[in-house]
Amino acid sequence: VGLAYYFRTNGYIGASAAAGQLRATFQEGGATESDETSLGFGVNLVAGGEWWVSDNWAMGPGVQLFLGRVPDDETDSPWTVLAVALGLSATYD
């Protein structure tokens, strides 16, 4: 579930709620093991801007931030998740 707001200046911001889960695979003593957390809650935030590059296309940079917390049933300690991404968006109108 999320919302986005576009400004008249061609900028935008947005937020959404998300479900998240972590899974790790690793080598230990020649054997491959994996572990995963239970499902947790996260929030995704985005912001950026676009400029018209033709009559129908707009492009521009954006940044995305994901914050989450997922429970680890084996250790009873939750994991905190932080991810940042830079990107390029394109809109056809």
Side-chain angles (χ1 to χ4, degrees):
V1 175
L3 296 171
Y5 181 79
Y6 285 82
F7 299 99
R8 290 182 188 256
T9 59
N10 293 335
Y12 62 90
I13 57 172
S16 59
Q21 183 178 33
L22 295 177
R23 181 176 192 171
T25 303
F26 51 92
Q27 296 279 337
E28 187 173 314
T32 301
E33 296 186 28
S34 65
D35 192 15
E36 64 184 33
T37 66
S38 297
L39 205 57
F41 177 75
V43 175
N44 189 53
L45 305 172
V46 296
E50 294 181 338
W51 294 269
W52 291 104
V53 294
S54 74
D55 289 340
N56 299 97
W57 284 97
M59 296 180 73
V63 63
Q64 181 175 0
L65 174 68
F66 179 82
L67 301 165
R69 195 156 177 97
V70 290
D72 186 347
D73 294 334
E74 289 185 22
T75 64
D76 291 328
S77 296
W79 288 65
T80 300
V81 181
L82 170 65
V84 178
L86 298 176
L88 179 69
S89 64
T91 302
Y92 180 81
D93 184 21

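Note that the structure is a prediction, hence the values are computed from the model and not measured.
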Exercise. Would the number of heavy atoms belonging to other residues, nucleotides or ligands and lying under 6.0 Å from CG of N56 be above 12?
Worked result: yes

Problem set entry | Shared hydrophobic cluster for V84 and V81 (ILVMFWY, side-chain gaps under 4.5 Å) | no

Exercise. Of the non-hydrogen atoms in L88 and G60, which two are nearest, and what is the gap between them?
Worked result: CD1-O, 3.3 Å

Exercise. If every non-hydrogen atom of E50 is compared with every non-hydrogen atom of A90, which pair is closest and at what distance?
Worked result: OE2-N, 3.9 Å

Problem set entry | Heavy-atom pair of closest approach, residues G62 and Y12 | CA-OH, 3.9 Å

Exercise. Of all heavy-atom pairs between F66 and G42, which one has the smallest distance, and what is that distance?
Worked result: CZ-CA, 3.8 Å

Exercise. Roughly how far apart are L45 CG and L67 CG, rounded to 0.5 Å?
Worked result: 6.0 Å

For this session: Say whether, by atom type as modelled, one donor and one acceptor occur between the side chain of Q21 and the main chain of T37 under 3.5 angstrom.
Result: yes

Problem set entry | Heavy-atom closest pair, residues P71 and G40 | CD-CA, 3.9 Å

Seminar exercise, completed: Tracing side-chain contacts under 4.5 Å among Ile, Leu, Val, Met, Phe, Trp and Tyr outward from Y5 reaches F7, I13

Exercise. Mind checking whether S16 and N44 have side chains closer than 4.5 Å, heavy atoms only?
Worked result: yes

For this session: For residues S77 and D72, report the shortest heavy-atom separation together with the two atoms involved.
Result: O-CB, 3.3 Å

Exercise. Which distance, rounded to the nearest 0.5 Å, do you find between the CG of N10 and the CE of M59?
Worked result: 14.0 Å

For this session: Flag yes if more than 12 heavy atoms outside L82 fall under 6.0 Å of its CG atom; otherwise flag no.
Result: yes

